[in-house]
Amino acid sequence: MPLVHLFRFPRIIINHGIVVYGMTAVGTGNSVETYDPNIPEHPVKLIFDRIERIFNFPPASYWLGGPLSVIEIYRRRSVLNWGGEVLEC
């Protein structure tokens with residue numbers, strides 16, 4: 001399961017890590033199932049638009065919601081690509 005870093009640059013208004021554990025193709029994008037340690041009660045969806053190549057994260061107590069940058073910072077076993085398919089397990 002990949003661990004990803006969420007941030008905005010050059011003005012850092014979010015600096016957060018979440019765990020990605022699933023992905024589903026939806027229309028022109030992907031709905032990415034994540035575990036957010038700040039919201040452990042339920043999964044949080046990170047949306048990736050494949051055409052615009054933009055990630056959007058919903059509002060939370062620490063974030064107003066909207067587009068942001070995502071960088072994978074750790075992966076243990078499975079390899080997912082943002083096209084939605086598992087490349088290696």
Side-chain angles (χ1 to χ4, degrees):
M1 290 189 278
L3 177 62
V4 297
H5 180 222
L6 309 176
F7 66 99
R8 286 288 305 247
F9 186 81
R11 186 168 164 249
I12 306 297
I13 55 177
I14 183 170
N15 182 23
H16 187 51
I18 58 175
V19 178
V20 172
Y21 64 85
M23 192 173 351
T24 305
V26 178
T28 62
N30 293 331
S31 176
V32 183
E33 295 285 330
T34 70
Y35 169 77
D36 183 340
N38 288 345
I39 311 171
E41 300 83 25
H42 58 79
V44 178
K45 292 195 185 293
L46 174 66
I47 304 298
F48 179 66
D49 185 315
R50 289 189 309 260
I51 294 172
E52 298 293 325
R53 304 196 58 77
I54 295 173
F55 286 95
N56 279 284
F57 198 63
S61 61
Y62 56 89
W63 170 246
L64 293 176
L68 45 62
S69 297
V70 177
I71 294 178
E72 184 179 74
I73 56 176
Y74 177 80
R75 179 192 322 246
R76 182 169 178 182
R77 293 195 67 201
S78 66
V79 177
L80 297 174
N81 73 11
W82 296 114
E85 65 264 8
V86 175
L87 301 177
E88 172 186 316
C89 285

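Just so we're clear, the structure is a prediction, and the values are computed from it rather than from any experiment.
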Worksheet item: Within the side chain of Thr34, is there an N or O that forms a donor-acceptor pair under 3.5 Å with the backbone of Val44?
Response: yes
Worksheet item: Does any N or O in the side chain of Trp63 come within less than 3.5 Å of the main-chain N or O of Ile14, such that one atom is a donor and the other an acceptor?
Response: no
Worksheet item: Any donor-acceptor pair under 3.5 Å linking the side chain of Arg8 with the backbone of Pro67?
Response: yes
Worksheet item: Say you draw a straight line from CG of Asp49 to CG of Asn56; how long is it, rounded to the nearest 0.5 Å?
Response: 8.0 Å
Worksheet item: Is there a chain of hydrophobic side chains (I, L, V, M, F, W, Y, each step under 4.5 Å between heavy atoms) that links Leu64 to Tyr62?
Response: no
Practice prompt. With the side chain counted from C-beta on, respond yes when Pro37 and His16 share a heavy-atom pair under 4.5 Å apart, and no when they do not.
Written response: yes
Worksheet item: Name the one of Val32, Ile39, Val70, Leu6 that satisfies side chain to side chain contact (heavy atoms under 4.5 Å, CB included) with Ile18?
Response: Leu6
Discussion item. Taking Val20 as the starting point, is it possible to reach Val26 by hopping between hydrophobic residues whose side chains are less than 4.5 Å apart?
Written reply: no
Worksheet, complete the sentence: To the nearest 0.5 Å, atom CZ of Phe9 lies from atom CG of Leu68 at 14.5 Å
Item to complete: Any chance you could lay out the side-chain contact (heavy atoms from CB on, under 4.5 Å) test for His5 and Asn15, step after step, and finish with the verdict?
Response: CA-CA 7 Å; His5 180 222; Asn15 182 23; 2.5 Å; yes
Worksheet item: Which heavy atom in Tyr21 sits nearest to a heavy atom in Tyr35, and how many Å separate them?
Response: CE2-N, 3.6 Å
Discussion item. With a 4.5 Å cut-off on side-chain heavy atoms, are Phe48 and Arg53 touching?
Written reply: yes
Worksheet item: Can you tell me if Arg75 uses its side chain to pair, donor with acceptor, with the backbone of Pro2 under 3.5 Å?
Response: no
Practice prompt. Please check if Phe55 and Ile51 belong to a single hydrophobic cluster, counting links between Ile, Leu, Val, Met, Phe, Trp and Tyr side chain heavy atoms closer than 4.5 Å.
Written response: no
Item to complete: Start with the C-alpha gap between His42 and Asp36, add the side-chain angles, then the distance that decides, and say whether side chain to side chain donor-acceptor pair (under 3.5 Å) holds.
Response: CA-CA 8 Å; His42 58 79; Asp36 183 340; over 6 Å; no
Discussion item. Checking Glu52 now: which residues fulfil salt bridge (Lys or Arg N to Asp or Glu O under 4.0 Å) with it, not counting sequence neighbours?
Written reply: none
Fill in: Residue Ile12 excluded, over 12 heavy atoms near CD1 under 6.0 Å
yes
Fill in: Heavy-atom pair with the smallest gap, counting every atom of Arg50 and Ala25
NH1-CB, 4.0 Å
Practice prompt. Kindly work out whether a path of hydrophobic side-chain contacts (I/L/V/M/F/W/Y, heavy atoms less than 4.5 Å apart) joins Ile47 to Val4.
Written response: no
